[in-house]
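Every chain is numbered from 1, with letters handed out A, B, ... down the list of sequences. Computed from a predicted model, the values in this text were never measured in an experiment.
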Amino acid sequence: MSIDTAPAAGATALDATAAVATRRDIQHRLLMTLGPILAALIIAGCILLAVGVDPLAYYGFVLKRGLLSPLGIQQTLTRMAPLLFLAAGLIVAFRAGMWNLGGDGQFLLGAVTAAASAPVLVEVMPAWLALICSFVIAMLVAMIWSLVPALLRAYQGVNEIITTLMMTFLGTSLANVLVKLMFRDPGTTVPQTRTLPVEDRLPRLFDTTITSGLLLGLVAIITVHLVMTRTAFGLKLRIVGANPRAAIHAGLGVPKLTIAVFAISAGLAGLAGAVDILGVQGNVRADWNPAYGLAVIPVVFLARMNGFAAIGFVFLLSVLSIGGESAARRLGVPNHFTLVLVSIVLIVLALAEYIDHRYNQSRKA
Amino acid sequence: MSVAKRDIVALEGVTKRFPGVVANDSVDLEIRPGEVHVLLGENGAGKSTLIGMLSGLQQPDEGRILVDGEPTAITSPRHALALGIGTVFQHMMLVPTLTVAENLLLGGPWWQRPKTEELEARVAEITRTLGITVKLHAKVSELSLGEQQQVEILRAMVRNSRLLILDESTSMLTPKGIDELGALMRRLVEQGLAIVFITHKLKEAAAFGDRISVLKLGRKVGEIPPERFRALGEQAIISEIVELMFGKQKDDPEAAERPVRTIRAEAAPLLEVRDLAVAPTDDAPGLSSISFDICPGELLGIAGIDGNGQKHLAEALAGQRATVGGSVRLQGTPIEALSVGERRQKGLRYLTDDRLGEGTVGTFPVSINFFLKQVGAAPFWRKGVEQRAEIDKRAAQLVREYDVRTPSLKTPVARLSGGNIQKVLLARELAEGAKVVIFNKPTYGLDLSNTLASRQRIRDTAARGLAVLLISTDLEELLSMCDRIAVISNGSLVGTVENADDARTKVGRLMIGLAA
Ligand SMILES: Nc1ncnc2c1ncn2[C@@H]1O[C@H](COP(=O)(O)OP(=O)(O)OP(=O)(O)O)[C@@H](O)[C@H]1O
Ligand SMILES: [Mg+2]
């Protein structure tokens, strides 16, 4: 071998310029996130105007009730608990490239089983143990519920978007049936499960009405983030998500990982249901379906499946939904306007990304 | 600068920067009708980047591109096609889930029904002149990479391009296919087309080119215009190119002598394959009763036209493809029932030829891609937790050892040049713990010096007592390295020859269906 090659480019020589580039990158990313949100607020404002509501009054009301009033902020933080669990579950699934859209079914089944088991268990064991057991039961039930789409995807290659959506319809109906037929509280006339006494629920934080479920949710989502970014297991899931063929080539057991992803994702959704029941609601009424699962999906996309960013966006969603619920009562804007707002944000964000890309191209031309 | 009117496309002082590298540094280039313009340069020299700008994938940071003498911003691949610039990219750009015909029809106006009959007539005409056969109704994912490359060439031709750009389009072809492509290029330029031809094989450059430009570290360091080109003989051209590219002279760098190795014939075979069979798919032949042994220290080559079952064979051995019969033994233990990961544990390594499709995860950093097949293993992961420092240390070592040109370890691997991605794969498979290594086109896309270095590494691998299976469409490569060469045709091994003096003719006869 007598042919020389030029020395390899130093792998670290460019770190200094890279730091500057990273800062510019972060600034750009912030602009690209906040700008579209602002634009979306304006667009949504126009819609409000069109239906005859003063957008400034609406936004002001939402802010006041969701963020600035002491009661509102406590409600907002409490609402975050189930949303964080759901977001954690979606991050696992989406990073692994599996579109678990069955969060609502899994959530409700978790909620119903927790609501059914907790009041019974507290009678035979200490409250803390009863809570833990209820959490575990809710998680297991949701995991089992996810087995059908998981097995179909893992061994038959059936698209999970369709199966999880179908399973969520079945799941919500099943939850209803369970409430009305099996776990119905005989002591009341409205169809609902037995109510967990307030003193046996998850403790509240300090002297507030904020549930300690918030802390559990934060722990869950941060754990998920660290597992996905720092561990071998998380890396395997990300490989499956980023290039399934590379996963097979690298010898990863893709079917088993698929089942694991569904189990974790659904388990977290089940825990979300449990944390809402055991911390806040105390029981499940028939036909209760807050549809958090669907609301959280755009949030996870906005956060680009980053756990820490997701915490921020979940907070935002909470403010909007708590504030929106009050505004709905006061100003007559339907509750679902929150969802309209979130989806406008998402669409504007996608547009901004596209325009940014085109701009980069044409600037260089 | 005076630009001759007759240039179809000219580049003036074109510069393109990426984070951490200047991929093209004020490059001037004239592309004329009736000329095959050969673009040479080592891995990462900036050839594909230059092509990317001509085909509208990327925009220059500085300088301008003239089309027919007019400064033109080529803003998109569609725009490039409209200007008459057709490109065959280095990495496949076909939609794997569609059929060949559907891929060829993509990009037509969306409001019109695809004109299938017209296409079929046109394809029939082109394939006849090209001397290739293309299965129009086969799914692209079922084709071998070589067949996909032919489809890509066909696609560029169907569009009636005035300028045809071929980025390493011969890397997957057999010597015969390469000669045919050369003859075709000649016919096309005689019809007045311009061709830009990128290759790492200097003989092809000398045989097919009219003009040669050499890039080095993004700069154009030399050009041989047609007048000089015709004046020089093949050898003189090659040595001039080598001097331009590497700064040193050597007569025929590829003509390395095959060292005579002594194989311990009495040793038990490391890899024994008996009657291996794979079911045929809709579009590809299966494998039938494949049997061979490889002893420790032995290099067995598999020759054959691409698409005759080489990929199936490699995948079946690696455990990625289900078999319908036969046995595979590694050091005497049957492994045919084991999974991909378990076979790797036992010391089987498989270097895929599909480096972006399955070999790497393009969006992941270079450092992680070195360890894709070791996720969770110490010392890079401890108790399942990633040890960033260990990973970076070892990755930096491999980058140095294998001369991977990358701006940093964090760079997404898909951003590297084709040859440098290949080096990442080689480094990954050759690192410790191997007993049997399957190389599928190991040097494809590597420049001359890296090809030679990699071949030496593979020889060293065998010399360490490993069994090596070398699949290649490059007969020279097989002849320069293997102890024995088996020829695969239509999914079965039609013969095996010792690599002695007359091996070339024997293999050639087997490949065209005659008895050796
Ligand atoms: N999209 C990109 N982003 C960042 N860097 C890039 C990108 N594309 C190319 N580069 C860098 O530009 C340089 C030139 O790459 P290019 O692909 O043009 O090389 P090449 O001459 O085609 O090499 P090869 O023979 O290996 O294909 C390399 O250092 C590569 O890492
Ligand atoms: Mg290239």
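- None of A:L252, A:N243, A:I239 except one satisfies the side-chain contact (heavy atoms from CB on, under 4.5 Å) rule with B:L372; the exception is A:I239.
- If you tally non-hydrogen atom pairs under 4.5 Å between each of B:G359, B:A377, B:G357 and chain A, the highest count goes to B:G357.
- Heavy atoms closer than 4.5 Å to chain A are found in the side chain of B:I368, but not in its backbone.
- The local environment of CZ in A:R230 is sparse, with at most 12 non-hydrogen atoms from other residues, nucleotides or ligands closer than 6.0 Å.
- Proximity to chain A (any heavy atom under 4.5 Å) is shown, for B:R343, by neither the backbone nor the side chain.
- Interface remark: B:I391 contributes no atoms to any contact with chain A (heavy atom separation under 4.5 Å).
- Distance check: A:I248 CD1 to B:R321 CZ gives 11.0 Å after rounding to the nearest 0.5 Å.
- For A:Y354, the OH atom counts as loosely surrounded, since its 6.0 Å shell holds 12 or fewer non-hydrogen atoms of other residues, nucleotides or ligands.
- More than 12 heavy atoms of other residues, nucleotides or ligands lie within 6.0 Å of CZ in B:R394, so this atom counts as buried by the packing criterion.
- Contact annotation for B:T411: neither backbone nor side-chain heavy atoms come within less than 4.5 Å of a heavy atom of chain A.
- In this structure, chain A has heavy atoms under 4.5 Å from both the backbone and the side chain of B:Y350.
- Taking each heavy atom of A:T231 and B:W381 in turn, the nearest pair found is C-NE1, 3.9 Å.
- Interface residue B:T363: only side-chain heavy atoms are found under 4.5 Å from chain A.
- A pairwise comparison of heavy atoms in B:G376 and A:A232 identifies CA-CB, 3.5 Å as the closest pair.
- Contacts with chain A were tallied for B:V340, B:V375, B:T360; B:V375 has the most, counting heavy-atom pairs under 4.5 Å.
- Atom CG of B:D354 is separated from atom NE2 of A:H249 by 9.0 Å, given to the nearest 0.5 angstrom.
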